[in-house]
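Notes to accompany the following structure.
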Amino acid sequence: MKRILKIILAAVIAICLIAVAGVYVLSERHLARTYDVATTDFTVKTTLSSEEAERRARTLMCGGCHRDAGNVLVDEPGVGRIVAPNLTRFVPMYSDAELVRLIRHGVKKDGTGVFIMPASNFANIADDDMAAMIAWLRSLKQLPDAVDGTTQWGPVGRIGLALDKIPFEADLVPVSMTPAAARPADIGEYAFQTDCSHCHNLDTEKQSEVFVAPALRPLAQSYSPADFKTLLRTGKGVGGRDLGVMTEVSQWDFNHFTDIEIDQIQAYLARQP
């Protein structure tokens, strides 16, 4: 009997080791997957002042994730530690064309894909805003990393990768597209496409791995213009409620929208279907 139990135990251990090795191999394969998206010529030419270029870039959510010199986005035991890199050191490694491919397609310099960074939204960024963003990024003074280390995956995260349950943004973006040449005068729909829709739907709640985001149409309809401005400028809900990710992104980025732009955003979100 003892001999049989030893054989069973050895078999179980062997199966577990094979499963662990299989998960690791499959997760590494997914992380190493490359995308055949060519870079295209892009001329960074803007007539905007440096202040306006920065303002527009910040409304497109760079700071909310990357902060001034990198930021830990997720740090969950078993899942992993996901780090948004220090852009002041990262950007000089890329050509302008490679930056455009990264931002619009979610494809890194080595051809692998990004996750979390909303390239499927940024694919809608107009050429003049893209030029402003790159000009601003190129102007940043290089800073030491604010956080130590890079993205590391835990066992649960590796299982998610192995089962293809963690989406790469490059899978969500059409290879061929023609962005608008210029930011529209009324940015309501544009802001929804480039910013809001990564986390929110218009009419239904949106579930992510981290939080549930409310539908935007009823929210925009329920807020007065003054309260909606407070929401976008401070990330605080009615009564001063902290809204987590929304609070952080608003304080870093959305507070750079002008009053007119915020009115346009609310008008688009609140309009009847």
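Note that this is a predicted model, so its numbers are computed, not measured.
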Legend entry - Evaluation steps, salt bridge (charged side-chain N to carboxylate O under 4.0 Å, His left out), between Asp127 and Lys45: CA-CA 10 Å; Asp127 283 345; Lys45 183 178 181 181; over 6 Å; no
Look only at the side chain of [X] and the backbone of [Y], and say whether a donor-acceptor pair between them is shorter than 3.5 Å.
X: His66; Y: Asn71; value: no
X: Gln266; Y: Tyr223; value: yes
X: Arg55; Y: His256; value: yes
X: Glu205; Y: Ala213; value: no
X: Glu52; Y: Ser49; value: no
X: Tyr190; Y: Ala126; value: yes
X: Arg217; Y: Arg271; value: yes
X: Gln152; Y: Val83; value: no
X: Glu54; Y: Trp136; value: no

In the single-linkage hydrophobic clustering (I, L, V, M, F, W, Y; side-chain heavy atoms under 4.5 Å), do [X] and [Y] co-cluster?
X: Val37; Y: Leu31; result: yes
X: Met117; Y: Leu137; result: yes
X: Val100; Y: Phe90; result: yes
X: Val72; Y: Ile116; result: no
X: Phe192; Y: Leu219; result: yes

Could you tell me if the side chain of [Y] sits less than 4.5 Å from the side chain of [X], heavy atoms only?
X: Leu161; Y: Leu26; result: no
X: Val173; Y: Tyr35; result: no
X: Leu140; Y: Val91; result: no

Write down the atom of [X], the atom of [Y], and the distance for their closest heavy-atom approach.
X: Gly70; Y: Arg67; result: O-CB, 4.0 Å
X: Val44; Y: Ala131; result: CG1-O, 3.6 Å
X: Ala57; Y: Cys62; result: O-SG, 3.9 Å
X: Pro174; Y: Leu172; result: CD-O, 3.9 Å
X: Pro77; Y: Asp75; result: CD-O, 4.0 Å
X: Met130; Y: Ile125; result: N-CG2, 3.6 Å

Return the set of residues passing side-chain contact (heavy atoms from CB on, under 4.5 Å) with [X] (not counting sequence neighbours), or none when no residue passes.
X: Asn201; answer: Thr204, Lys206
X: Phe115; answer: Ile82, Thr151, Trp153, Phe168
X: Asp242; answer: Lys236, Thr247
X: Val249; answer: Met61, Val245, Asp253, Phe254

Going from [atom1] on [X] to [atom2] on [Y], what distance comes out if it is rounded to the nearest 0.5 angstrom?
X: Leu243; Y: Glu248; atom1: CG; atom2: CD; result: 11.0 Å
X: Ile262; Y: Leu231; atom1: CD1; atom2: CG; result: 9.0 Å
X: Tyr94; Y: Leu87; atom1: OH; atom2: CG; result: 10.5 Å
X: Asp164; Y: Arg33; atom1: CG; atom2: CZ; result: 5.5 Å
X: Gln142; Y: Asn86; atom1: CD; atom2: CG; result: 7.5 Å
X: Asn255; Y: Thr59; atom1: CG; atom2: OG1; result: 10.5 Å

Near [X] [atom1], under 6.0 Å, is it more than 12 heavy atoms from other residues, nucleotides or ligands?
X: Arg138; atom1: CZ; answer: yes
X: Asp110; atom1: CG; answer: yes
X: Leu143; atom1: CG; answer: yes
X: Asp203; atom1: CG; answer: yes

Inset, instruction - Would you kindly say whether Glu169 and Ser120 are connected by a side-chain donor-acceptor distance under 3.5 Å? - result: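 Judged by distance alone, the side chains do pair up.
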Inset, instruction - List in chain and number order the residues that pass ring pair (Phe, Tyr, Trp, His ring centres under 6.0 Å) with Phe228, two or more places apart in sequence or in another chain; answer none if no residue qualifies. - result: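 Phe228 satisfies ring pair (Phe, Tyr, Trp, His ring centres under 6.0 Å) with no other residue.
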Should the pair [X]-[Y] be classified as a salt bridge under the 4.0 Å nitrogen-to-oxygen rule?
X: Asp259; Y: Arg233; answer: yes
X: Arg158; Y: Glu28; answer: yes
X: Arg183; Y: Asp128; answer: no

Legend entry - Residue pair Ser95, Thr39: steps toward the side-chain contact (heavy atoms from CB on, under 4.5 Å) verdict: CA-CA 10 Å; Ser95 68; Thr39 58; 5.7 Å; no
Inset, instruction - Could you tell me which residues satisfy salt bridge (Lys or Arg N to Asp or Glu O under 4.0 Å) with Arg89, sequence neighbours excluded, listed by chain and number? - result: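 Partners of Arg89 under the salt bridge (Lys or Arg N to Asp or Glu O under 4.0 Å) test: Asp145.
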Inset, instruction - Show the numbers, then the answer: is there a salt bridge (charged side-chain N to carboxylate O under 4.0 Å, His left out) between Glu98 and Arg101? - result: CA-CA 5 Å; Glu98 288 170 339; Arg101 182 178 64 172; 5.1 Å; no
Legend entry - Check against side-chain contact (heavy atoms from CB on, under 4.5 Å), Phe122 and Asp129: CA-CA 10 Å; Phe122 293 165; Asp129 273 354; over 6 Å; no
Inset, instruction - Check the pair Asn121, Ser197 against side chain to side chain donor-acceptor pair (under 3.5 Å), reporting the backbone distance first and the verdict last. - result: CA-CA 7 Å; Asn121 288 72; Ser197 62; 2.8 Å; yes
Legend entry - side-chain contact (heavy atoms from CB on, under 4.5 Å) between Thr40 and Phe42, intermediate numbers included: CA-CA 6 Å; Thr40 56; Phe42 187 86; 5.6 Å; no
Inset, instruction - Take Asp195 and Leu60, measure what side-chain contact (heavy atoms from CB on, under 4.5 Å) needs, and give me the verdict at the end. - result: CA-CA 6 Å; Asp195 290 322; Leu60 294 165; 4.2 Å; yes
